[in-house]
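Written below as structure tokens is the structure these notes are about.
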Amino acid sequence: MIRTRFAPSPTGFMHLGGLRTALYAYIFAKKNGGRFILRIEDTDQERYVEGATKVIYDTLRGCGLDWDEGPDIGGDFGPYIQSERKSLYLPYAKQLIESGDAYYCFCTKDEVDERRKAAEERGEVFKYDKHCLSLTKEEIQAKLDAGVPYVIRHNAPTTGETTYHDLVYGDITTPNDILDDMVLIKQDGMPTYNFANVVDDHLMQISHVIRGTEYLSSTPKYNLLYKALGWDIPEYIHLPPVMRDQHHKLSKRDGDAYFSDFVSRGYLPEALINYLALLGWNPGDEREFFTLSELQDAFSVKGINNAPAIFDIGKLTWFNFEYIRRLPFDKYLEMATPWFEKALGKGRFDLKRLAELMQIRTEVFDRIPDMVRFLAEMPEFPDELYVNKKMKTNPEVALENLQLIKPVLEGISDWTETTIHDTIMPVIAEAGKKNGAVLWPMRIAISGKENTPGGAFEIAYLIGKDETMRRTDAAIARLVSKQ
RNA sequence: GGCCCCGUGGUCAAGCGGUUAAGACAUCGCCCUUUCACGGCGGUAACUCGGGUCCGAAUCCCGACGGGGUCACCA
């Protein structure tokens with residue numbers, strides 16, 4: 001049975017790198033008919049952030065990454081919150097002490113820190129010197145009885161080397177002499193991440209550990225623990241980091257790395273998931289669009305890349321654009337309406353028609369207001385906008401043609417796109433002019449923008465006859481005054 | 001600094017000893033078009049460097065350089 005887990009710590013928000021890890025763990029499990037487990041790693045009491053767990057739930061569910069076992073839904077291997085498992089760890093630590101693979105350490109944190117600092121100043125790599133390993137049984141018991149605070153440390157080997165296999169990185173070999181005697185049980189009785197992780201992954205029968213490469217070099221230490229405890233070592237799938245640029249990891253610090261930020265700006269979770277899936281993995285063929293279930297079918301560990309990948313918001317935006325285009329119209333209208341209203345207020349425009357024009361032009365929802373604001377408020381614009389080489393227009397031509405259509409526009413009583421179109425086009429033809437020579441200036445005159453979501457007729461319809469005449473008159477007046 | 005990992009266009013990325021070194025995003029140009037967009041066509045742009053091995057290397061080996069990670073009673 002394939003079992004994977006996503007084990008975030010509730011210390012902040014869900015950032016995109018973490019989401020990608022969760023995604024891979026989810027699709028790998030599902031692809032293989034396995035189970036996806038959610039475990040909250042909150043052994044660091046000081047970093048606990050209220051509400052962070054909910055963010056994790058919301059993000060995962062919002063992306064369709066439903067877990068089969070977890071804190072809120074239970075499962076056969078609970079509890080799924082590490083702090084609630086506190087009492088489980090100590091017996092295993094004691095077992096390691098019995099076998100000589102761990103020992104009590106009474107050195108205080110300050111002492112050790114001081115020695116570490118001194119070593120660093122000498123340019124040396126600090127390793128705990130196993131000082132407390134030499135304590136006799138009696139000495140240990142005496143300190144324990146006296147209530148001297150202690151931690152339990154791993155007794156790591158100092159010679160030889162350790163090799164393990166990673167499904168994406170291959171064999172990783174590390175010399176043992178660099179291994180430090182890491183703390184397994186902290187002074188507060190809580191296990192460290194290092195220890196809790198090993199115990200929990202084993203107890204929860206995790207078959208494949210999927211996580212970031214930051215754990216690549218500490219994995220040998222975990223493997224030593226598995227062996228000392230007599231447990232099977234799980235398969236490892238380490239994932240390269242998602243980078244902001246060549247030098248920096250995409251991190252919580254960047255602020256824009258949060259899933260929730262992208263969603264509130266108008267990125268669709270589906271687009272985010274699709275993009276993230278392809279960041280560091282490829283299906284082996286030319287496909288680019290994947291739903292979650294298609295991802296499950298196509299996924300293969302072989303397709304995971306082992307080099308860091310730089311997060312490219314441009315490509316994400318393209319995916320988002322494509323997903324927005326594919327949205328059912330009603331859904332688009334519903335989602336776009338708040339953004340329309342932000343710039344246009346309520347009830348002044350035919351939002352349905354606007355949405356039809358906007359759907360294929362929306363890259364991200366938060367760009368909508370700037371694109372449509374001109375409908376409510378005529379922007380200032382330079383006369384240069386009347387210049388269009390291909391349409392052969394300039395301010396002079398614009399004035400002439402605006403004057404040509406103004407009375408025609410005035411005479412239209414049934415203000416619909418069709419009527420406006422059918423009334424204006426013959427006039428242009430009769431005057432022997434090119435369509436663009438008339439329609440370009442008209443669009444500029446009533447929109448004041450080089451780019452608009454639709455042509456002259458659509459805009460004229462949207463802003464209504466009165467506003468169209470007002471803007472046309474103003475444009476003519478201005479052009480006249482400059483002659 | 002020690003140890004580990006990585007190195008194909010601006011970005012993602014195919015490639016597994018012989019290819020005109022794919023494709024996508026971005027970018028540029030052209031066509032279509034009442035604008036933009038969409039669509040169509042085309043262009044610019046890459047194997048970090050140096051040694052090997054081999055008839056032949058982006059592909060294998062070594063080294064250099066560059067980048068990342070890690071060295072906590074954080075996870």
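Values reported hereafter were calculated over all heavy atoms of this structure, with side chains retained and with hydrogens, waters and symmetry mates removed. Here is the naming used below: chain letters follow the sequence lines, and residue numbers restart at 1 for every chain.
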Checking all strands, does [X] fall into the base, sugar-phosphate, or nothing category for heavy-atom contacts under 4.0 angstrom?
X: A:Glu41; value: sugar-phosphate
X: A:Phe457; value: base
X: A:Gly454; value: base
X: A:Asn194; value: base
X: A:Thr317; value: nothing
X: A:Glu288; value: sugar-phosphate
X: A:Thr393; value: nothing
X: A:Met391; value: sugar-phosphate
X: A:Ile360; value: base
X: A:Phe319; value: nothing
X: A:Ala309; value: sugar-phosphate
X: A:Gly123; value: nothing
X: A:Thr213; value: sugar-phosphate

Please check the phosphate of [N] (OP1 and OP2 only) for any side-chain N or O of [X] closer than 4.0 Å.
X: A:Asn306; N: B:C6; result: yes
X: A:Arg443; N: B:U33; result: no
X: A:Thr192; N: B:A75; result: no
X: A:Arg325; N: B:C38; result: no
X: A:His247; N: B:G68; result: yes
X: A:Lys186; N: B:A75; result: yes
X: A:Asn282; N: B:G23; result: no

Query raised in the report: Between the side chain of A:Thr4 and the main-chain N/O of A:Ala25, is any donor-acceptor distance below 3.5 Å?
Result: yes
request  = Return yes if some donor-acceptor pair links the side-chain N/O of A:Thr362 with the main-chain N/O of A:Phe365 below 3.5 Å, else return no.
outcome  = no
(message) Can you classify the ring geometry of A:Tyr323 versus A:Phe319 as parallel (below 30°), tilted (30 to 60°) or perpendicular (above 60°)?
(response) tilted
- Query: With distance as the sole criterion, do the side chain of A:Lys390 and the base of B:U35 form a donor-acceptor contact below 3.5 Å?
  - Reply: no
**OP:** Would you state whether a donor and an acceptor, one from the side chain of A:Lys315 and one from the base of B:A24, lie under 3.5 Å apart?
**Re:** yes
Please report the closest heavy-atom contact between [X] and [Y], naming both atoms and the distance.
X: A:Ala196; Y: A:Gln82; value: CB-NE2, 3.3 Å
X: A:Met335; Y: A:Trp339; value: O-CD1, 3.3 Å
X: A:Asn320; Y: A:Val364; value: ND2-CA, 3.7 Å
X: A:Glu161; Y: A:Asn176; value: N-OD1, 3.4 Å

Assign each of A:Met243 and A:Trp440 the nucleotide of RNA chain B bearing its closest heavy atom; nearer the 5' end lies the nucleotide of A:Trp440
5'-most contact on RNA chain B (nearest-nucleotide basis), A:Val168 vs A:Tyr150, goes to A:Val168
Using atom [atom1] of each nucleotide, how far apart are [N] and [M] to the nearest Å?
N: B:G15; M: B:U20; atom1: C1'; answer: 15 Å
N: B:G1; M: B:U53; atom1: P; answer: 32 Å
N: B:U70; M: B:A75; atom1: P; answer: 15 Å
N: B:G68; M: B:G50; atom1: P; answer: 24 Å
N: B:C49; M: B:U11; atom1: C1'; answer: 23 Å
N: B:A46; M: B:C25; atom1: C1'; answer: 16 Å
N: B:G23; M: B:C41; atom1: P; answer: 12 Å
N: B:G10; M: B:G18; atom1: C1'; answer: 31 Å

Choosing from [options], which nucleotide comes nearest the side chain of [X]?
X: A:Val183; options: B:G67, B:C73, B:G7; value: B:C73
X: A:Trp318; options: B:C25, B:C12, B:C38; value: B:C25
X: A:Tyr222; options: B:A75, B:G69, B:C73; value: B:A75
X: A:Ala456; options: B:U70, B:U34, B:U11; value: B:U34
X: A:Ser217; options: B:C36, B:C6, B:U70; value: B:U70
X: A:Arg361; options: B:G2, B:C36, B:C5; value: B:C36

Between [atom2] of [N] and [atom1] of [X], the distance in whole Å:
X: A:Asp245; N: B:U11; atom1: CG; atom2: P; value: 11 Å
X: A:His154; N: B:C71; atom1: NE2; atom2: P; value: 15 Å
X: A:Glu322; N: B:C38; atom1: CD; atom2: P; value: 8 Å
X: A:Met182; N: B:C71; atom1: CE; atom2: C1'; value: 13 Å
X: A:Met442; N: B:U34; atom1: CE; atom2: P; value: 14 Å
X: A:Phe126; N: B:A72; atom1: CZ; atom2: P; value: 8 Å
X: A:Ile313; N: B:A24; atom1: CD1; atom2: P; value: 22 Å
X: A:Tyr215; N: B:A72; atom1: OH; atom2: P; value: 15 Å

Sorted by chain and number, sequence neighbours left out, side chain to side chain contact (heavy atoms under 4.5 Å, CB included) with A:Gln403 holds for A:Leu399, A:Ile476, A:Val480
Check: Any side-chain heavy-atom pair from A:Thr472 and A:Met442 closer than 4.5 angstrom?
Finding: no
Would you say the side chain of A:Met190 lies within less than 4.5 Å of the side chain of A:Ile185, judging by non-hydrogen atoms?
no
Taking pairs as Watson-Crick (N1-N3 plus N6-O4 or O6-N4) or G-U wobble (N1-O2 and O6-N3), each distance under 3.5 Å, the stems of three or more consecutive pairs with RNA chain B are B:1-7 with B:65-71, B:10-12 with B:23-25, B:27-31 with B:39-43, B:48-52 with B:60-64
In short, salt bridge (charged side-chain N to carboxylate O under 4.0 Å, His left out) pairs touching residues 116-126 of chain A with sequence neighbours left out are A:Asp113-A:Arg116, A:Arg122-A:Glu124
Begin from the C-alpha positions of A:Leu278 and A:Lys315 and carry the test side-chain contact (heavy atoms from CB on, under 4.5 Å) through to its verdict. CA-CA 11 Å; A:Leu278 260 16; A:Lys315 182 123 191 190; over 6 Å; no
